[in-house]
Amino acid sequence: GSTRLPGKVLSEIAGEPMLARVVERVSSARLVDEVVVATTVDPGDSPIVELAEARGWRVTRGSVDDVLTRYVSAARAHEADVIVRVCSDCPLVDPELIDDVVGALHGRPEVDYVANNLPSRTYPIGLDLEAFRRSALELAHGESRDPALREHVTPYIRQNPERFQILTLGHTEDLSHHRWTVDVPEDLALMRRLYEELGGDLAPWRTIVELCEAHPE
């Protein structure tokens with residue numbers, strides 16, 4: 001449903017749909033047991049479901065605007081205890097960083113929510129990750145009434161540190177000037193170029209930083 005780049009999550013990157021690149025990288029995380037494509041009931045998203053079914057991915061459909069409810073429904077359907085939120089327009093999402101946020105939850109039972117972009121982003125845009133317990137998601141679902149908060153899933157948790165135990169995992173160097181998400185055609189062109197340079201493999205994020213800084217053009 002993107003207006004700036006229609007159909008972007010199925011756009012081709014190095015011979016694969018962008019969504020497939022995301023699923024591939026997320027699936028490579030050691031601490032991820034299952035990947036679920038949580039899309040919407042909008043008929044326009046049926047091609048996403050068709051791709052997921054053809055590839056054997058787990059998929060659920062839910063509300064277009066109430067994404068919090070969509071996440072809760074997916075978590076219930078797949079009996080998830082810990083959920084990692086990954087956006088489908090971030091084709092360089094990093095397995096190591098996913099393991100960092102999930103591992104932080106596993107190692108600290110008192111923590112409800114972990115993010116690597118609080119209080120401000122230090123990783124490249126497109127490597128934003130958050131992991132949270134099902135109990136925190138359910139609590140946010142039951143208490144949040146603001147449609148704007150429900151559209152973005154976790155703001156209620158982030159804005160209520162007195163209700164949730166929050167842990168942040170920032171990087172020591174501010175690399176937020178790198179933009180690795182896809183919103184406009186220029187972003188997609190960059191992702192295609194990077195995958196071409198990297199040979200389409202699962203290059204770690206540090207390698208991609210080095211490539212971008214060596215070739216700023």
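Hydrogens, waters and symmetry mates are skipped; everything else that's a heavy atom, side chains included, is used. What you see is a predicted model; the values in this text were computed from it and never measured.
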Given the rule that I, L, V, M, F, W and Y join up when any side-chain heavy atoms are under 4.5 Å apart, are [X] and [Y] in one cluster?
X	Y	result
Leu188	Leu10	yes
Ile125	Leu194	no
Ile83	Val93	no
Leu149	Leu137	yes
Val26	Trp180	yes

Do the side chain of [X] and the main chain of [Y] share a donor and acceptor less than 3.5 angstrom apart?
X	Y	value
Thr207	Ala203	no
Arg133	Val111	yes
Asn160	Arg163	no
Arg192	Glu12	yes

From the list Ile13, Val86, Val35, Val37, side-chain contact (heavy atoms from CB on, under 4.5 Å) with Val22 holds only for Val86
Spatial distance of atom [atom1] ([X]) from atom [atom2] ([Y]) [nearest 0.5 Å]:
X	Y	atom1	atom2	result
Ser144	Gln159	OG	CD	8.5 Å
Thr60	Arg70	OG1	CZ	8.0 Å
Asp100	Leu169	CG	CG	6.5 Å

Do [X] and [Y] touch side chain to side chain, with heavy atoms closer than 4.5 Å?
X	Y	answer
Met18	Lys8	yes
Thr154	Phe132	yes
His141	Tyr71	no
Ile48	Leu19	yes
Pro185	Leu5	yes
His152	Leu68	no
Glu213	Leu175	yes

Check this for me, if you would: do [X] and [Y] make a salt bridge, where the nitrogen-to-carboxylate-oxygen distance has to be below 4.0 angstrom?
X	Y	answer
Arg134	Asp81	no
Arg206	Glu210	no
Arg61	Asp45	no
Glu186	Arg179	no
Glu130	Arg85	yes

**Report entry** Pair Glu151-Asp66, side chain to side chain contact (heavy atoms under 4.5 Å, CB included): steps then yes or no
**Finding:** CA-CA 5 Å; Glu151 181 182 0; Asp66 187 347; over 6 Å; no
Counting only heavy atoms from other residues, nucleotides and ligands, does the tally under 6.0 Å from [atom1] of [X] exceed 12?
X	atom1	answer
Glu79	CD	no
Asp33	CG	no
Arg76	CZ	yes
Arg58	CZ	no

No-hydrogen, no-angle side-chain donor-acceptor test under 3.5 Å, [X] and [Y]:
X	Y	answer
Thr122	Asp174	no
Gln165	Tyr113	no
Arg150	Thr69	yes

Shortest non-hydrogen pair, Val209 vs Pro124, comes out as CG2-CG, 4.3 Å
Note: Ala136 and Ile157 closest approach over all heavy atoms is O-CD1, 4.0 Å
State yes or no: are the ring centers of Trp205 and His178 separated by less than 6.0 Å?
no
Q.
Between Val36 and Val59, does the side chain to side chain contact (heavy atoms under 4.5 Å, CB included) criterion hold? Intermediate values first, please.
A. CA-CA 5 Å; Val36 178; Val59 61; 5.9 Å; no
Assess the residue pair Asp146 and Tyr156 against the criterion (side chain to side chain contact (heavy atoms under 4.5 Å, CB included)); give the C-alpha distance rounded to whole Å, side-chain angles, the decisive distance to 0.1 Å, and a yes or no.
CA-CA 9 Å; Asp146 186 340; Tyr156 184 81; over 6 Å; no
* Before giving the answer on side chain to side chain contact (heavy atoms under 4.5 Å, CB included), spell out for Ile166 and Asp112 the whole-Å C-alpha distance, their side-chain angles and the decisive distance to 0.1 Å. => CA-CA 6 Å; Ile166 295 173; Asp112 299 302; over 6 Å; no
